[in-house]
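Report on the structure given below.
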8 protein chains.
Amino acid sequence: MIMSDKLVKILNGIKDGSLNVDDALGMIEGNTTVDLGHTKFDLSRPSRNGFPEVIYGAGKTPEQVGDIFLKLKDRTNLLATRVRPEMAAHVKSLCAGVEYNELGRTLTYISHPVDYREGEVMIVTAGTSDLGVAEEARVTCEMMGNHSKVISDVGVAGIHRLMERLEDIQKARVLIVIAGMEGALASVIGGLVSKPIIAVPTSVGYGASFSGLSALLGMLTSCASGVSVVNIDNGFGAACAANRINCL
Amino acid sequence: MIMSDKLVKILNGIKDGSLNVDDALGMIEGNTTVDLGHTKFDLSRPSRNGFPEVIYGAGKTPEQVGDIFLKLKDRTNLLATRVRPEMAAHVKSLCAGVEYNELGRTLTYISHPVDYREGEVMIVTAGTSDLGVAEEARVTCEMMGNHSKVISDVGVAGIHRLMERLEDIQKARVLIVIAGMEGALASVIGGLVSKPIIAVPTSVGYGASFSGLSALLGMLTSCASGVSVVNIDNGFGAACAANRINCL
Amino acid sequence: MIMSDKLVKILNGIKDGSLNVDDALGMIEGNTTVDLGHTKFDLSRPSRNGFPEVIYGAGKTPEQVGDIFLKLKDRTNLLATRVRPEMAAHVKSLCAGVEYNELGRTLTYISHPVDYREGEVMIVTAGTSDLGVAEEARVTCEMMGNHSKVISDVGVAGIHRLMERLEDIQKARVLIVIAGMEGALASVIGGLVSKPIIAVPTSVGYGASFSGLSALLGMLTSCASGVSVVNIDNGFGAACAANRINCL
Amino acid sequence: MIMSDKLVKILNGIKDGSLNVDDALGMIEGNTTVDLGHTKFDLSRPSRNGFPEVIYGAGKTPEQVGDIFLKLKDRTNLLATRVRPEMAAHVKSLCAGVEYNELGRTLTYISHPVDYREGEVMIVTAGTSDLGVAEEARVTCEMMGNHSKVISDVGVAGIHRLMERLEDIQKARVLIVIAGMEGALASVIGGLVSKPIIAVPTSVGYGASFSGLSALLGMLTSCASGVSVVNIDNGFGAACAANRINCL
Amino acid sequence: MIMSDKLVKILNGIKDGSLNVDDALGMIEGNTTVDLGHTKFDLSRPSRNGFPEVIYGAGKTPEQVGDIFLKLKDRTNLLATRVRPEMAAHVKSLCAGVEYNELGRTLTYISHPVDYREGEVMIVTAGTSDLGVAEEARVTCEMMGNHSKVISDVGVAGIHRLMERLEDIQKARVLIVIAGMEGALASVIGGLVSKPIIAVPTSVGYGASFSGLSALLGMLTSCASGVSVVNIDNGFGAACAANRINCL
Amino acid sequence: MIMSDKLVKILNGIKDGSLNVDDALGMIEGNTTVDLGHTKFDLSRPSRNGFPEVIYGAGKTPEQVGDIFLKLKDRTNLLATRVRPEMAAHVKSLCAGVEYNELGRTLTYISHPVDYREGEVMIVTAGTSDLGVAEEARVTCEMMGNHSKVISDVGVAGIHRLMERLEDIQKARVLIVIAGMEGALASVIGGLVSKPIIAVPTSVGYGASFSGLSALLGMLTSCASGVSVVNIDNGFGAACAANRINCL
Amino acid sequence: MIMSDKLVKILNGIKDGSLNVDDALGMIEGNTTVDLGHTKFDLSRPSRNGFPEVIYGAGKTPEQVGDIFLKLKDRTNLLATRVRPEMAAHVKSLCAGVEYNELGRTLTYISHPVDYREGEVMIVTAGTSDLGVAEEARVTCEMMGNHSKVISDVGVAGIHRLMERLEDIQKARVLIVIAGMEGALASVIGGLVSKPIIAVPTSVGYGASFSGLSALLGMLTSCASGVSVVNIDNGFGAACAANRINCL
Amino acid sequence: MIMSDKLVKILNGIKDGSLNVDDALGMIEGNTTVDLGHTKFDLSRPSRNGFPEVIYGAGKTPEQVGDIFLKLKDRTNLLATRVRPEMAAHVKSLCAGVEYNELGRTLTYISHPVDYREGEVMIVTAGTSDLGVAEEARVTCEMMGNHSKVISDVGVAGIHRLMERLEDIQKARVLIVIAGMEGALASVIGGLVSKPIIAVPTSVGYGASFSGLSALLGMLTSCASGVSVVNIDNGFGAACAANRINCL
């Protein structure tokens, strides 16, 4: 999985004796996955993706997540998403210093101070009901070293609310726009701002919103060019995309 | 299909001899459908629905539509929608005075002067590609006696274009808002104007617009309250809805 | 967000000294949003949309809704929709005079007498199971100043039930037609009445009704022209659309 | 594939010598499929299903259909459906006496006089555009020995047209109701008539009719009980279902 | 809503004095709906549809259903479907003699002996999990005067199970075939039997069965001609369709 | 349901007296279904399908499953899938020796030692959340006589984890690849390995994964040729397909 | 992309001088992709997947495909699928010896004699219209070294046709079952045969078959266990899956 | 639509006489839309969005596009997308210097030298069939001032092809990943690279790819975090998103 010029160097290293076969094998194959039995935790991800592996709480038991926090918290900062309150309680009972964000359903542990880069990620939501997704995005941004702020409840049904905040919005380096129902906020901001915009459709709405499908399709077919979209309710993914951009 | 007090009167009329049975039968059952063999044309519809039956060209042959125009044009004004150019040519060759609107694909014949009522129906489109649907709506409005005007290409990707026309838009009595892709224009206008709004999703777009589905779902789940929606590309239906309102 | 002739006046006002910059700023930008932290409540909506912002209970906590009622109930009449019984109980415990409609799941507080306009909004349902949606529509209509009445259980499987009520239905100024399953009631009434008709598909039904999709598609493709449609189970939206019309 | 008492008889026949093994084998396995290379034509179907195998023209070449008609026309009456005009021309050029119904796209050859049973199948359509499907149903009914008649253009947008024909409709033994768009005609007739009703959704309509999906879902969720449904545009299948019933 | 020759007779009756206006009005308009406040119960349905109105339990409260049983049980036999156990318990506590079928979720009360007609409705299911739908169908058939029997668990994965029962199946006058997953049983029986077949897709299955959609589509596109289909899990509707047929 | 040369032999057997009619009937019709009232259990399935009938727990009551285990456990090994914990507890209380796999939700009873064949079925999962489906597959494989092993958490987001295990994967005789979300693991393994691959989409994911639809469509349209797919979450079906292959 | 023990050997080879760096690089990175500008043709695929890269004609120009045949035909046998007649004509005009299968739309060139393995792949189709997909599968099987045969038109509407061929079907080593409409043939064969079965849904059908969706869902939810499925109309993919199995 | 501190400055400017009312009006309302009758061309977009309005050719006539090029080509560089060859020919006949990219279906005219910024946008495609979308993206990137390059045909079915190019891919500043079918390439690259990734699903594929839906869902649910997605086949939109990022 390595690049060929690096490979040439390794092979030459063996040839001239500066490397032994075992070390070369490690360099070629990598050796940074921690196997906890239930989970293979990928510690090498920062070097490849720019951020550590994040724990997806929805498909795990409280015991599994607790185990991950216990065993890895001193080696890397930890972020778990989609954490139900009972899971949070269990993990907190195991590890002092773990913090739970109830609205965003995130669990975090910071053992190494976060190294913030310049440039702010601005998170804008259409309604109050989108705040959980916004919090997931905000916490993820912060854990990855991005200053971030939430502006909420500026949906297009009262477009002057948006206009009042437009200057703030235009100052951000990267924008995350979160909206349910028809998701029109992404189109309107997309037409007003030249910065990168990650749109997050939410499952807010009922009936023909079909659990976020209406917002998803609306954002994908936005008449404002250059808006890109992540999965429904995926505040975490939007933050990762914003982080990839803000790292530039 | 008649109201019971009218029925009481008819029955009393028979009893007191002022009506004979045949006439009463006609009054109860109505007698206003013209049977052309291929089509039963409903001349009584204006009294029930406020406008004459309109010919849907898509499912008919040029010969059938030509026959309808020939046989009925002197009894009522005629409007046919979804008329392909060859169909239009055929009907025009049969009946002088028939007019074809190529963009809106409508065919019209006016034998009785249209009686216009007050109040304008304003038709607003997001893009140039929505103009065909807008023309179908405009011609239908006019045939039904409503002054109507089209404002085009004011989609939300450049929201200042809309703002420049907002005053005109606010003056209308009824609004028809036509947009494809994500259909966000309906939400934005819905938040800015207090007049009745009929939203028409169009099949403009590709990919995840799924032939108008994205705009349809977007308009149905609009965060601006009180926007109602008709079928995809249904300029005719929107005009009928606007006409029902403007007749008040 | 204001019209340009109004803008010319404001600018001239500054020039001739009759307006100071601060006031002009307020006039241009508006200043009618109340920020409660969790919610930005839009008090200016009546002037733009003809009715006050309505609280959507589904995406809020009982505490948030209680806070809105407490802080705003003396400034404007309040309507919350999709209110679960526990939420209602909480708000009622905070504010005396709040009323809960269990069937329609609405919560209302009237501090300023409602100013009724002429013209009745008639709400017609196909079945008993549609009554919750009908009540949401009726309460919303009333709060916005429209007399309104519900005629229920006149679905097309026993079309004589509808015929018996047809005269009443024809007297209304605006009609809201609510039906689940195949939603055929909208088509039948659409063919019999010339008044504006807002159709509301409901999620009543099972299997191939796909949570209201069958009624939604049926109403959108109605063979009766000029019927417009709102979201599934959206009694509130239908009432807003009816109110926009009845205000004419 | 045979019933066990018949099997006992055959086995006893072998035992007592009244049957030889070859004949018994034929009786157990059947021997009524004609193999034309491209097609295995099932001549035994009448005994199992009550009608001969029908040729589905859509998936065959003109040559294949011509070959079937040539080789089998003297052994059984033949019906082909979904026959394009070129295919019809080809087959007619091969076999004198073949008839093509252009509207219904059926091709028929009658070598044995059809044996009609009592009881009429009435085919009712909502609009003119449904006539092709109606013709396919009518020809199929007739070929299978059922008198049948078409009443067209009585859709619910002008429900009095239906009422005028109700008496005729109520006289039929079996009803086929054909409608596109929202398909409401099936519900209305279902509520007025106690006879068996086969509903056929058609692909007539556009936009949210999604090629017949709206009518299909509407008919499946009909509030009138006991309406059963066949595939979109499947006039042939409806006729087969009606034939199964009318044979009782 | 009445036929015109009957109407001519009524009108002539008034003319010749043999009918007074009030009675004629009743005859024309009918007068057989019982209004219970929450429900308009249609007592005239037997004359139009061949069976009494059936109570759909899913959209009603136990109190409403209890009220219907109490008030109407002496006027007509009663059948309620989709009745949850608590609702059943409530109604049984109000009315002695009410019977609850737990598997089929039906509630019945027989005040007038059911008048059975000849001819059996055979209900065939693919699996054990389809038995609830089968019971709903069986009870409905019986209440409407049709002898009926259930053959279960003869799905096509072990086709010899079906073959063993084929003779019984072929003896029925009408068949109801109930299957989930891919619903292939309807096709196989459709190819083996010449009697009318009503297919009922069930929501049995998971994943790509999409709550019955796979069985529904499979039955609609069955290669066996003349199989007609009702809504997913709609044992009641299938029984109504079978009853319409068996009444011939 | 038997092959014709076997049939010829049976018929000849009767003819020459070596078989009596009753035995022949049994040989032709088979006689291996056990009827438990609620369930027809098919004991002949191993001869036709290569494995015994498996009990699908989802659509049965604990009592029914308990009854099947009690009555049949000495005649054949038993496997039940989709068994909820309460059902498992009930069956275990009835029959000693029954084992419950909580993760895979399987219940097994082994009365006859499993006869293992050579060749391993390797089960590979993308994430920890896919382990339940993997366990269902593994237990089914083992019960049918296939050695099988699970390699988990080697999804493509960290493709080096997969590469580390590639050698093991390439040694298997048959592969089952289990993944949710976009299901890309099947494509990547499909491109690296020449062995038969059964892909199982899982419902792991949220939003646009639409309960497994995204993984299902992704696997069906895999750019790696020769990957075949079973239903969403269908570990059991994948094991059956692998068993059919491994039996070769 | 290579296994680690092979890697150890290569690295040791460099160390002891038996391999130079360039050769080792080639062994690690492979060097078997031919770059034709428009296409990177993967010659190493046989070693990884067991068969050469196949050209997908649908997304290429006749010129591109012609170029691939010209440049590679002497290095490997070639198979192109989804080849339109004009494309075939162009390639044949460039390279003598290329063969076009019109029904299966495949183009083949055999420069190296195909090495057939034992065991037959049997391809079974429900109807005549499925033959194109069957031919694509058959040609692909043959090119990959598998004897294969097509049995057509044995769909379940006349299940005795299938029974007559059952013995032949049971003799095959691997089965490909191809069916459109409801796809029930896969379930019926799945219940009768213990061999591996690859099911191919086809787009044969109309209306609710939704271009093959009904057959696809039906096959995925088949009640016969162990049937796996490939994409709609994907005869090629089914053959690749069968080849993976038959190579065991 | 302007920011409030800029507004304060303008208002103060009027007050102190440094601005007259007309100029202030222009500054507040903007004045940069060119109205060509059929189209309102938005020249102010660069200041808001960072790139000029692009002409969407699909919904326009050749005459309209020709008119836009003629009238605006000297004021701004022009790019039209989705241009059919006849449209291209027409425009080229009107304006010398217009260039048509047949594969990408773009039409360009450069009157002002493009000002390139640093940082390359790398466009990676899974297959040859994705090249048209890649070209649309590449041309758009270039027109907006971004160096860009296409790496094609490195889909995951032969993952070593991707590995050979990985170093080049990792050097880019922004990545556009284009793939049809299951779209797995985005996940694999997403796991290997830390740069911003815009994924473009294409409609390449058939059957269950449902015109790009499979790739779209796959990319939205990618297990690689931080991949964002644009509409199906939307090379243009991806380029706009990349441009927003590369402008940072």
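Chain identifiers are assigned alphabetically (A, B, ...) following the order of the sequence lines, protein sequences preceding nucleic acid strands; residue numbering begins at 1 within each chain. Atom set for the values below is all heavy atoms of this structure, side chains included, hydrogens, waters and symmetry mates excluded.
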For A:Ile159 and B:Ile159, what are the C-alpha separation, side-chain angles and deciding distance, and is it a side chain to side chain contact (heavy atoms under 4.5 Å, CB included)?
CA-CA 11 Å; A:Ile159 208 168; B:Ile159 208 166; 3.2 Å; yes

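Among pairs with a residue in residues 127-152 of chain A, those fulfilling ring-ring contact (aromatic ring centres under 6.0 Å, His included) read A:Tyr116-A:His147, at least two apart in sequence or across chains. The stretch residues 132-142 of chain B participates, sequence neighbours left out, in these salt bridge (charged side-chain N to carboxylate O under 4.0 Å, His left out) pairs: B:Arg82-B:Glu136, B:Glu135-B:Arg138.
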Please tabulate, one pair per line, all N/O donor-acceptor pairs under 3.5 Å involving side-chain atoms of residues 232-239 of chain B, not counting sequence neighbours.
{"residue": "B:Asp233", "atom": "OD1", "partner": "B:Ser203", "partner atom": "N", "Å": "2.9"}
{"residue": "B:Asp233", "atom": "OD1", "partner": "B:Ser203", "partner atom": "OG", "Å": "3.4"}
{"residue": "B:Asp233", "atom": "OD2", "partner": "B:Ser203", "partner atom": "OG", "Å": "2.6"}
{"residue": "B:Asn234", "atom": "OD1", "partner": "B:Gly237", "partner atom": "N", "Å": "2.8"}
{"residue": "B:Asn234", "atom": "OD1", "partner": "D:Tyr206", "partner atom": "OH", "Å": "2.8"}

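Atom CD of B:Glu86 has more than 12 neighbouring heavy atoms from other residues, nucleotides or ligands inside a 6.0 Å radius.
At a heavy-atom cut-off of under 4.5 Å, chain A is reached by B:Met181, B:Glu182, B:Ala184, B:Ser187, B:Val188 from residues 175-188 of chain B, listed in order of number.
In this structure, the separation between CG on B:Leu217 and OG1 on A:Thr221 is 10.0 Å, given to the nearest 0.5 Å.
Interface check for chain A: of the options B:Gly205, B:Ala126, B:Ser209, B:Ser222, the most heavy-atom pairs under 4.5 Å are formed by B:Ser222.
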